[in-house]
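Heads up: numbering here begins at 1 and tracks the sequence.
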Amino acid sequence: LLLMPKSRHCRKTPAPLSPKKTATNMIIDAQTVIITLIIVAIGFYVGLALVRQFALSIAQENHDANVALDSAEEELRRKRERDADAAAASAFAKVEPLLPTENVPATTSNVSKNDVEKAQSADV
């Protein structure tokens, strides 16, 4: 309320712009538009190339980190496997003298009695 003028009759209307106070004439023709579009396209292309290069470097670093983690896990797995094999060999070495030395005939084929019986019954 304090900012309103006291009377409506006292308002000043803005004076029309004189030709001397107009802005400079802008040149907007086909050539200027095409040149502007070319400059903008080149800027987008360069920006896209920079973004792609940055994304590629991040992906390569991520891949290297994953390879390092995988190799560390694989080395740990191999170490555990070697330890388990050594423990099994040690346990078998302790138990081996306790096993009876029987002469068990070695089988030369992997065919079981059931397979032979099935084949004979099929022939009949």
Under a 4.0 Å threshold between the charged nitrogen and the carboxylate oxygen, would Glu81 count as salt-bridged to Arg78? no

Connected via hydrophobic side-chain network under 4.5 Å: Phe54 and Val46: no

Under the 3.5 angstrom rule, does the side chain of Ser71 hit a backbone N or O of Val67 as a donor-acceptor pair? yes

With side chain to side chain contact (heavy atoms under 4.5 Å, CB included) as the test, pick out the partner of Phe44 among Val40, Leu48, Ile42. Val40

Whether over 12 other heavy atoms sit under 6.0 Å from Arg77 CZ: yes

Do Gln31 and Ile35 have side chains that get closer than 4.5 Å, going by heavy atoms? yes

So does Ile28 get a backbone contact from the side chain of Thr32, meaning a donor-acceptor N/O pair under 3.5 Å? no

Hey, what do you get for CD (Glu61) to CG (Leu56), rounding to the nearest 0.5 Å? 10.0 Å

